[in-house]
Protein chains: 2
Amino acid sequence: MNVKQSDIAAKLGISRVTVTKALQDSPDISTEMKVKVKQIAEEMDYIPNLTARHLTAKKTRTLGVILPDITNMYFSSIVRGMMEVAERESYHIILTVSREEKTKESENIFKLLSMNVDGLLVCQTLDTVEAEIFEKVKKRKKPLVFFGRPVGFSGYDSIGFDDFLAAEKLTEYLISKGKTKIAHISGDIKSDGGYRLDGFLSAMKKNKLEVNEDWIIKGKFFPEYGYEGFNKIFNAGTLPEVIFCGNGMIAQGVYDAIREKELKIPEDISVVAVDHKKFAEMLYPKLTYIDYPTRTLGCEAMKLIIQKIESKNKKNKIENIILDTFLIENDSLA
Amino acid sequence: MNVKQSDIAAKLGISRVTVTKALQDSPDISTEMKVKVKQIAEEMDYIPNLTARHLTAKKTRTLGVILPDITNMYFSSIVRGMMEVAERESYHIILTVSREEKTKESENIFKLLSMNVDGLLVCQTLDTVEAEIFEKVKKRKKPLVFFGRPVGFSGYDSIGFDDFLAAEKLTEYLISKGKTKIAHISGDIKSDGGYRLDGFLSAMKKNKLEVNEDWIIKGKFFPEYGYEGFNKIFNAGTLPEVIFCGNGMIAQGVYDAIREKELKIPEDISVVAVDHKKFAEMLYPKLTYIDYPTRTLGCEAMKLIIQKIESKNKKNKIENIILDTFLIENDSLA
DNA sequence: ATACTTTTCTTAAACGTTAACTTAAAAAAG
DNA sequence: CTTTTTTAAGTTAACGTTTAAGAAAAGTAT
């Protein structure tokens, strides 16, 4: 089949191990021999067999990543950050997707463990509530870092954003701009959507502002929920001054619904949301939003897991990192 | 470290191989023994070591995918389709990203070959012109399928869209709607952008319509090129009736530039493009476009490579599959 | 009771690479 | 010159799994 080290050895009439060592630049081997071996390797188009190498080595320099959805730019942008750091540190990534299914998530974890990854980076599905499978990972002492979504249970390293604080910050800002009539269309309340809703409610309460029951819509992170959400609010009678959307996709649906009613953003009604730059800035008029720096998240998550891997023996405590988010003022707020 | 088959064997006082066979449901093993082995395996949290398995097996049921950019929804949506089929056929995917760099692309190919993937699915970078590295893959008889972008050299299996025809079709449609003054802002002319431009020019020529030199802007597939492109056209004097954009991102930039001039789409000027649904439909007003069904492409590409792998011995000829594209009429065309 | 099957399990070897030792020859030290 | 050190290789075994071939036990036919 493929050219292997023993083929090179045979050609040169030397032992297999000499080839290994020569290719590794071991001090055991003379310079001339190294040159000879490398040249023949090149000529024969030798490509090392990682499978075999991994079997002897304890480390594979491979990391497993599990995403809920690859077409969501929030996640793909995180992965991009991860890849940058991984490359710099010469690790490689095996990317798997759970499609928001718990069973797929477990399968992926097993698959990645089977492949002897050095560590796991996981963004849980919205349905993940039991730590069971992750306990198994822990028992194997396999480094694991959760990223990008709030983790439902403690005892694990994680990195992400504080959805509650972000929503509170955005709400406070709206209030500081004199807005008092604010509606909220949330994403999945089981996860980040819920924390964002809570942050919104908390800020309203702190400022002793009333929250209209009809203006709290619990949805999911997709445009259609924004679209329907706005229509519900519209049909409820009085219109709020601002619609606070759980994320950019919801805002996109809200934009569509607002236009359908022939209302103007931001003249007739303002819209704000929480999301990351790449998506938020695609909408027109440009969204005023809290920016979640996803690429940075990816970079930091990768740095964290690598640090966990490379200091495996030393006991290092659990870290729960929260990254800063930024208020970006654009045109969707009057 | 991890529990291995020999640990199970030791616990039961049987041979290592009996465990292998029991877990494989080999007819060599009695039903009671199988039950016992599986139960102990479960209890001990045994996870098979794929690295070791792959060393003996000729097949790894693993496929390598190389993308130019993971944050581009065009590509991530293709991958989504691939993953669906891969899962169904119980293959897994190792996803790598070349970031449009030729050297990174080569590195990724080596890495994937090192990992003993059964086949490669490659979307080339815009700079890839030499077949050299791919010739090496071919020499190793490793199945390889190009997808998503025109391939610069022949002799390889590929699957994609016909950019020339798509652009011609869209242009013909514009002409059939009575448009004669059409501008084109292209993507990368070295690749699909060039074929789309050529298709446009061809349709114009066929219909004996004049093409204004100032209305042909050669750019790249990013919003800023659309933005600048439109401004150049605007500053050239007379305004065309339609701007045909190389893709949706270019259209996005064009939209922004048009709005800045306080013009209305489609009342003052129309905009059309070539792209896939998920992106195209995010713009407002909704874009009239040629839809590239990316997810289908992913599915078909995966089916093709699997077929190539599983019929490796039989000599099968080179296939160059072209998928259908669809004209979607929306609101951006008057 | 012998020979032949069938069932069930074991032994041996292999996959490609590497880590840990060992050996042989050459160079340096005494 | 002998002894020690250095240099440059080679040998052996291991990583965890699987395949192929072989052996022991049990059953069946003659």
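In the text below, chain A, chain B and the rest are named by the order of the sequence lines, each starting its count at 1.
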Geometric class of the A:F134/A:F146 ring pair [parallel <30°, tilted 30-60°, perpendicular >60°]: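 Rings of A:F146 and A:F134: perpendicular, as their planes differ by over 60°.
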Below 3.5 Å between N/O atoms, which protein atoms pair up with nucleotides 6-9 of chain D? Just atom names and distances, please.
| unit_1 | atom_1 | unit_2 | atom_2 | d |
| --- | --- | --- | --- | --- |
| D:dA9 | OP2 | A:S30 | N | 2.9 |
| D:dA9 | OP2 | A:S30 | OG | 2.5 |

Between [X] ([atom1]) and [N] ([atom2]), how many Å, whole number?
X      : N      : atom1 : atom2 : answer
B:R53  : C:dG16 : CZ    : P     : 18 Å
B:H54  : C:dA14 : NE2   : C1'   : 17 Å
A:L113 : D:dG16 : CG    : P     : 15 Å
A:L50  : C:dG16 : CG    : C1'   : 11 Å
A:N2   : C:dG16 : CG    : P     : 9 Å
A:M115 : D:dT17 : CE    : P     : 15 Å
B:I8   : D:dG16 : CD1   : P     : 13 Å
B:K58  : C:dG16 : NZ    : C1'   : 15 Å

Atom pair CD/CZ of B:E130 and B:F153 - distance to nearest 0.5 Å: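 The distance works out to 8.0 Å.
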Side chain to side chain contact (heavy atoms under 4.5 Å, CB included) partners of A:T60, counting only residues at least two apart: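 Per chain and number, A:T60 pairs via side chain to side chain contact (heavy atoms under 4.5 Å, CB included) with A:H54, A:T62, A:N116, A:D118.
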First of A:Q24 and B:G13 reached from the 5' end of DNA chain C, by closest nucleotide: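 That would be B:G13.
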Pairs under 3.5 angstrom, nitrogen or oxygen only, protein versus nucleotides 12-15 of chain D, please.
none

Working for salt bridge (Lys or Arg N to Asp or Glu O under 4.0 Å), residues B:D45 and A:R140: CA-CA 10 Å; B:D45 267 335; A:R140 282 169 186 263; 5.7 Å; no
B:R61 side chain vs B:S90 backbone, donor-acceptor pair below 3.5 Å: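 Such a contact is found between B:R61 side chain and B:S90 backbone.
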[X] with [Y]: basic N within carboxylate O range, under 4.0 Å:
X     : Y     : answer
B:R99 : A:E87 : yes
A:K21 : A:D28 : yes
A:K36 : A:E42 : no

Flag side-chain contact, heavy atom, 4.5 Å: A:H92 against A:L63: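 The answer is no, as the side chains (C-beta and beyond) never meet within the 4.5 Å cut-off.
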